[in-house]
Amino acid sequence: MNESHLLSQDRIPGSEILLRSLLLEGVECIFGYPGGSILNFYDEIYKNNELRHYLARHEQGAIHAADGYARSTGKVGVCVVTSGPGATNLITGIATAHIDSVPLVIITGNVPLSMIGTDAFQEADIVGMTMPVTKHSYFVRDVNDIARTIREAFYIANTGRKGPVLVDIPKDVTVKEAIFVWPQTIHLPGYRAKSEIIKEQIDALLVALKKAKRPVLLAGAGVIHADASNELVELAEKSGIPVVTTFLGLGGFPSQHPHWVGMPGMHGSYAANMAIQQADLLIAVGARFDDRLTMNAAKFAPNAEIAHIDVDKAEIGKNIATTYPVIGDIKHVLNYALPKVTLSSTDNWLQTIAAWKASHPLRYVDSDEILKPQWVIELLHRTTKGEAIITTDVGQHQFWTAQYYPFTRPRSLISSGGMGTMGFGLPSAIGAQIANPDTLVISINGDGGIQMSSHELAVCAIHHIPVKVVVINNEVLGMVRQLQEVAFEERYSEIDLSGSPDFVKLAEAYGVKGLRATNKEEAEQAWQEALAIDGPVLVEFVVPSSENVYPVVPGGKALHEMMLGDDE
Amino acid sequence: MKHHHTVSILVNDHPGVLQRVSALFNRRGFNIDSITVGSSEQPGMSRMIIVTLGDDRIMHQVINQVEKLIDVVNIEILSEKPLVARELALIKVEAEPVKRPEIMTLAEAFRATIADVSPDSLVVQIVGDTEKIEAMIELLHPYGILEISRTGVTAIARGRHRL
């Protein structure tokens, strides 16, 4: 792009400085919702044709779309809203991005400086409210600070451990004029984006690896954030170590690879959980030992020494005591280690794991009469060869997707793992589809979560965004039902979703094609029809409400104490 | 094991820094005993001294989290090494004229000074480590303490070492 017209040192209003700064950061599209305090910036959007803006139907939809855009590309997602409720409606989306380390820049308007602190109309202290869920935040008091602030915000969001950065700008600061100066350098003395790798730490781990008989690599989302999937594959092949991937790490290591064992954790596979429990050296790579992964932390990997490679020093030893800490960018660490790695004698260990996989595959009781949700996920996989980008909402369908849609490449699963935010599935798919116009994007939802953001179907229809919206309808909050069945003796409290709208009619109300399937034959047909449509489609699959996600590790139990199915 | 920790933090002199730092302590259940902030030897940067009670392992996690804040330039647990720690207290004591000499003698023994005298009260100003100040307060108790105002601890490492 020719940037000279953007860099010209003209005297321009803050709103135009903001627009130019975004363009200079390479932003092609933003997701937002206008309102009083941000109107001067929206006037710049009106006059400009380089920056595309997508008008969400709720601010939370806008930020989840920016999140899907970021997760599917590795680029910074940008969200712009007004002050007060516009800003506070983002908080769930900011927390969702923060806990999953997603790079976002969030721009909020605010009331004029002279009215800050007076409880003015639509005034909210959004910087104060979001401090615990942002990587950093700015309150811009001076028009001369806008360009530098935006430059820093993008740099902070997308370096080191990535995360959301919020920039709050009072209305009058966007009105005032200043000479546009795009800073050539960034001066952040307190920010350690890239620490040098510590060779001694890696060498110590390599020594331990040589001695290990039953090593396991535990790959998390950090591998994907660091674009280190190829290095990870090379490491597994050169060393002969089997690999398990966390939920958000799925796709970071190809599932068809012979070294891939599966996903461990609460709904992990038997082989993946047993591999962790039996390992003598567990090497976590960009994984943060979330409690849904470790379950009972005291009984997690009881036979293993723990190694932990992470860009964020604060993660080391946070949940699990670590013998071999390795701090640094995963790609750099692996590139240093790779020439020194030799093939370990892990044949027996690989055979043991292969036997676990063979004796305890993922399974469900299929039926010719009833449409099973697991079978629907398998249908989606079979017909797309695993090449689609999948976004999910939160609940049972999320884990059936993790289990029955084997992911083969990074950034092909987009899901709210840490926060477990319902309503994420559809808007994140919109962002992912906009960022990847030539890739099939499927959004898999439950009948609960889709109703938290079904209004975003309007965006699909208006902009002809060809997301295939799948609704796995079991007329119940299934994951809660499953917990109540086991932990509360089948006292099903407030989980009944019967009486939800007709999802086909709902889609059509927005001008989106709607289809419904209640058995396998209809499911095949409806799905083929959906794939053939050149535009957004909603496909509802009606499934039984009593289906549970297995395996499941009950609360407080260790990973090897999983329940494998209803028949036990 | 729970210990008292004295932490020295060099921060950018930006609004909201105090809030960001103290929030990270609160989140892990660390009560902040005292916090002092003032300008440092470097322009545009302030030094913050926090005294807190907490578990050693979690303390190091909090330090790692605080270190990640963009506005935190440097952080160190001072109390792991020899340090000089001082605070200042102003203690307002009931003092009828007949009691004054007694109180003033006590203060003198602590190298404290009298900052204010009124017909029926005195303000004792004392500088020292926390133990010394506690001892002074205890000795003044029998006379009737009207009010205490303490700065909280500021501290610095002994020797040439700098943060």
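We name chains A, B, ... by the order of the sequence lines, and we start the count at 1 in each one.
- With values rounded to the nearest 0.5 angstrom, Lys318(A) atom NZ is found 7.0 Å from Gln65(B) atom CD.
- If you measure heavy-atom distances from Leu10(B) to chain A, you find no contacts under 4.5 Å at all.
- Interatomic distance, NE2 of His14(B) versus OH of Tyr138(A), reported as 8.5 Å (0.5 Å rounding).
- Nearest approach of Pro189(A) to Val73(B), heavy atoms of both residues: O-CG1, 4.2 Å.
- In this structure, Lys135(A) and Lys68(B) have side chains that are not in contact, with every pair of non-hydrogen atoms separated by 4.5 Å or more.
- Taking all atoms of both residues into account, the shortest heavy-atom contact from Asn64(B) to Lys313(A) is OD1-CE, 3.2 Å.
- Here CD1 of Ile70(B) is found 4.0 Å from CD1 of Ile156(A). Values are rounded to the nearest 0.5 Å.
- With a 6.0 Å radius and a threshold of 12 heavy atoms from other residues, nucleotides or ligands, Arg151(A) has its CZ atom above the threshold.
- Expressed to the nearest 0.5 Å, how far CZ of Arg20(B) lies from NE2 of His136(A) amounts to 5.0 Å.
- More than 12 heavy atoms of other residues, nucleotides or ligands lie within 6.0 Å of CD in Glu41(B), so this atom counts as buried by the packing criterion.
- Nearest heavy atom pair, residue Gly317(A) against residue Gln61(B), reads O-NE2, 3.2 Å.
- Side-chain atoms of Arg27(B) do not come within 3.5 Å of backbone N or O of Pro132(A) as any donor-acceptor pair.
- Taking a 6.0 Å sphere around CZ of Arg192(A), one finds it holds more than 12 heavy atoms contributed by other residues, nucleotides or ligands.
- For the pair Gln19(B) and Gly128(A), the tightest heavy-atom approach, listed with the atom from each and the gap, is NE2-CA, 3.9 Å.
- Proximity to chain A at a heavy-atom threshold of 4.5 Å picks out nothing from residues 87-121 of chain B.
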